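Presented below is the structure to which this report refers.
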Amino acid sequence: MQEQYDDAMFDFSRADYPAAIGKLRELLDEQPEHFDARLALGMALYRQGDYATAIVEGHKAEKLQPREQLVHTNLSLFYMKAGDKQKAEHHGLQARLAGWRENMAPPAPGDPGESELRIATPAKAPLKLPEMPWKKNPPLAAPPSDAHGTKRDAAPSSPPLPDK
């Protein structure tokens, strides 16, 4: 089966769509649930310009995997070329939703992209900035007091007056 599918895909890659379609149909006669063959058959029919049959095959693939993004992307393309913009937009939206659903699943342990998707955690120790003495205000000194304990201004503006 795999060899038959590979031969069909080789024909598809060489743009020999009639040969690819024939081989894919033979494979699907034997194994109608072969998803990749069903998807490829729809695309080969589309490339040949048979949009109506491509749409039929696209819906068969949709029944096999209804939430597959590529199924809806293809159906959107097929409907657009067939002139049904409303259905094309519907399947375009379904393709976007399927893509979002795929990205919503948490990564499996050991997945290479897992480390990139972790929630940011705070640094182990807070960042300590160097001292900046030029930004510190000098402490205010208490004004000196006289012999009686009365506080005076630190720098008197005039000499004290004599007692009478």
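Everything numeric in this text was worked out from a predicted model, so none of it was measured.
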Salt bridge (Lys or Arg N to Asp or Glu O under 4.0 Å) against K81, all qualifying residues, sequence neighbours excluded
none
Cluster partners of L27, using ILVMFWY side-chain heavy atoms under 4.5 angstrom, listed by chain and number?
M1, Y5, M9, F12, Y17, I21, L24, L28, F35, L39, L41, M43, L45, Y46, Y51, I55, L64, L70, V71, L75, L77, F78, Y79
Under a 4.0 Å threshold between the charged nitrogen and the carboxylate oxygen, would K23 count as salt-bridged to E26?
no
Would you say the side-chain atoms of H72 pair up with the backbone N or O of H90, donor to acceptor, closer than 3.5 Å?
no
Smallest separation among heavy atoms of H91 and S76, with atom names:
CB-N, 3.7 Å
Flag for H59-E62: side-chain donor and acceptor within less than 3.5 Å:
yes
Is a donor on one side and an acceptor on the other found under 3.5 Å between the side chain of R38 and the backbone of P32?
yes
Which heavy atom in K63 sits nearest to a heavy atom in P66, and how many Å separate them?
O-CD, 4.1 Å
Looking at A54 and G42, what are the two nearest heavy atoms and their distance?
CB-O, 3.4 Å
For A8 versus A20, what's the shortest heavy-atom pair and its separation?
O-CB, 3.4 Å
CZ on R96 to CD on Q69, rounded to 0.5 Å:
10.0 Å
Flag the pair Q4 / E30 as yes when at least one side-chain heavy-atom distance between them is below 4.5 Å, and no otherwise.
yes
State the CD-CZ distance between Q94 and R67, to the nearest 0.5 angstrom.
9.5 Å
